[in-house]
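This report concerns only the one structure given below.
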There are 2 protein chains.
Amino acid sequence: MNTVSAQAAAAGPAALHEPRYLGDVDIEQLRQHVPVTRRRLEAGQHLYRAGQPFNALFLVNVGCLKTCELSDDGREQVTGFRMRGDLIGAESIGLRGYACDVVALEAGEVWELPYPPMLSACLRIPELQARLTSALAEEIRHDRSWMLALGTLGAERRVASFLLDLAARYGRLGFSACHFILRMSRADIASFLALKHETVSRVLSRLQERGLILVERREIRILDADGLREAEPATLH
Amino acid sequence: MNTVSAQAAAAGPAALHEPRYLGDVDIEQLRQHVPVTRRRLEAGQHLYRAGQPFNALFLVNVGCLKTCELSDDGREQVTGFRMRGDLIGAESIGLRGYACDVVALEAGEVWELPYPPMLSACLRIPELQARLTSALAEEIRHDRSWMLALGTLGAERRVASFLLDLAARYGRLGFSACHFILRMSRADIASFLALKHETVSRVLSRLQERGLILVERREIRILDADGLREAEPATLH
DNA sequence: CGGCTACTTGAGTATTCTCAAATTGTGTGG
DNA sequence: CCACACAATTTGAGAATACTCAAGTAGCCG
């Protein structure tokens with residue numbers, strides 16, 4: 001959308017442990033088998049809602065989105081944030097309708113990959129099959145890794161881990177890893193980390209007091225990444 | 001493949017949200033492309049450990065196993081329990097080594113499905129490709145569903161959900177859904193539910209006092225499933 | 001500029017944890 | 001088959017973390 005996205009494009013594929021999902025697939029080759037279309041999104045707009053017919057996967061090109069898990073009894077939780085290069089919709093494969101809500105946190109653009117054509121393309125491009133499967137596996141690992149964090153860390157370390165995760169992802173995309181803007185509200189962060197927004201707010205203030213970060217509304221500056229990694233004694237076990 | 005599986009097969013596809021993974025694949029057809037071998041396990045034995053070379057997926061035929069996520073700084077958490085029909089190893093696809101530990105909770109048997117052959121078989125059996133992909137997606141949904149539970153429910157409802165989940169799975173396998181034996185320790189349950197074992201123990205006692213269940217060490221009898229579903233007021237939002 | 005939403009901060013509460021001890025079960029060797 | 005050692009489970013009491021409720025501040029949109 002501006003100079004920033006140009007930076008990201010120029011940076012090219014970095015090699016870290018975080019979801020680069022289908023990043024290495026030759027998009028041009030893919031286009032020969034799958035009709036890829038662009039879709040613009042406004043801030044707050046739903047990419048899809050739970051229950052809507054599942055017919056495509058998406059790749060985030062620009063912007064940041066959140067995925068929200070819903071339960072029949074009204075509970076809900078943010079289960080992740082997706083940025084450039086991330087795959088969206090994998091959780092709904094095999095279902096009639098999408099399994100969760102996906103909402104744009106800012107204006108952006110995604111590429112729509114119709115699913116049945118993707119499956120057939122996998123038969124013609126073995127590489128694509130392996131990659132799609134790996135992408136799903138990567139998503140499982142990503143979720144498990146956060147399950148571990150939420151299950152074993154206290155509030156302070158959860159927030160610290162969240163910031164470090166964002167930093168790493170921004171870094172991989174060619175942005176600054178120590179200075180970035182949060183695209184999501186405190187409430188979204190809290191929901192994702194299984195905390196209350198007041199707690200997130202307090203923790204951010206505390207981390208700032210300790211000189212580990214600078215917070216100014218949604219602007220974050222990481223001053224001491226190692227300090228963040230250590231953070232609090234945590235509720236080990 | 002005994003009377004139990006016959007029962008399970010007779011039950012047909014129950015429409016619950018739980019993994020039946022590769023259950024519908026024609027195993028005989030699969031054998032023509034993939035050398036499936038049996039592997040017996042003793043209680044406490046590791047099926048694999050994090051870091052060991054990844055070379056196969058597994059299908060549980062008999063017994064119950066737990067999967068454990070590990071972090072570099074020594075934290076660990078049980079991320080799931082696998083029983084007959086469940087797929088194991090999907091999280092490690094795309095990696096050199098396995099991503100987690102898997103431990104048998106009792107004597108049992110798994111089928112080993114070498115992975116590279118599985119991938120090639122997918123090219124020859126499109127049905128298998130779709131099913132493997134669906135299985136991974138199902139696993140993502142399963143994890144997300146528990147993330148939601150752990151993130152939004154109090155201790156009491158977590159334990160209740162856990163029991164109801166087990167009951168449903170046993171039911172689908174043709175066993176009694178209201179009377180079963182826990183294969184895992186309180187500590188394993190606690191780890192999975194992000195609680196302490198003392199808390200699990202207390203909650204079980206409380207649920208029994210309310211007449212919702214009967215607990216006798218690892219033997220569980222569900223007296224009032226609906227009551228369990230309601231349980232406590234929960235920490236909604 | 002007004003109204004709204006997002007965020008921050010404080011005070012008291014509540015749930016879950018920690019530490020500790022007692023109890024029950026299990027497996028093994030005698 | 002019994003006794004003992006060890007592991008798993010239960011239960012209690014006090015502590016700690018995160019929550020709830022509440023008030024106040026600060027950006028943002030129209």
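Since we're looking at a predicted model, the values are computed, not measured. Throughout, protein chains are lettered first and strands after them, A, B, ... in sequence-line order, and every chain is numbered starting at 1. Heavy-atom basis, side chains included; hydrogens, waters and symmetry copies ignored.
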Please classify the nucleic acid contact of B:A194 as base, sugar-phosphate, or nothing, using heavy-atom distances under 4.0 Å. sugar-phosphate
Give a yes or no on whether a salt bridge exists between A:R169 and A:D86, defined as a side-chain N under 4.0 angstrom from a carboxylate O. yes
Nearest-Å distance for atom pair CD/C1', residues A:E106 and D:dC28: 17 Å
Could you tell me the separation between the CD atom of B:E156 and the C1' atom of C:dT15, rounded to a whole number of Å? 11 Å
Check: B:R141 side chain, A:E91 main-chain N or O, donor-acceptor pair, under 3.5 Å: yes
To the nearest Å, how far apart are B:L195 CG and C:dA14 C1'? 16 Å
Would you call the rings of A:Y48 and A:Y98 parallel, tilted or perpendicular if under 30° counts as parallel and over 60° as perpendicular? parallel
Separation of C:dT15 P from B:R158 CZ (nearest whole Å): 13 Å
Given atom CZ of B:R206 and atom P of D:dT11, what is their separation to the nearest angstrom? 11 Å
Find the distance B:L105:CG to D:dA8:P and express it as a whole number of Å. 12 Å
May I have the distance from B:L153 (atom CG) to C:dT15 (atom P), rounded to whole angstrom? 15 Å
CD of A:E219 versus P of D:dG27: gap in Å, rounded? 12 Å
Encode nucleotides 3-10 of chain C as B, S and - characters from 5' to 3', where the letter depends on protein heavy atoms closer than 4.0 Å: B to the base, S only to sugar-phosphate, - to neither. ---SSBBB
Taking A:R158 for the side chain and A:L193 for the main chain, is one N or O donor matched with an acceptor at less than 3.5 Å? yes
Does atom CZ of A:R218 have more than 12 heavy-atom neighbours, drawn from other residues, nucleotides or ligands, at distances under 6.0 Å? yes
Answer yes or no: is there a donor N or O on one side and an acceptor on the other, between the side chain of A:R186 and the main chain of A:E198, under 3.5 Å? no
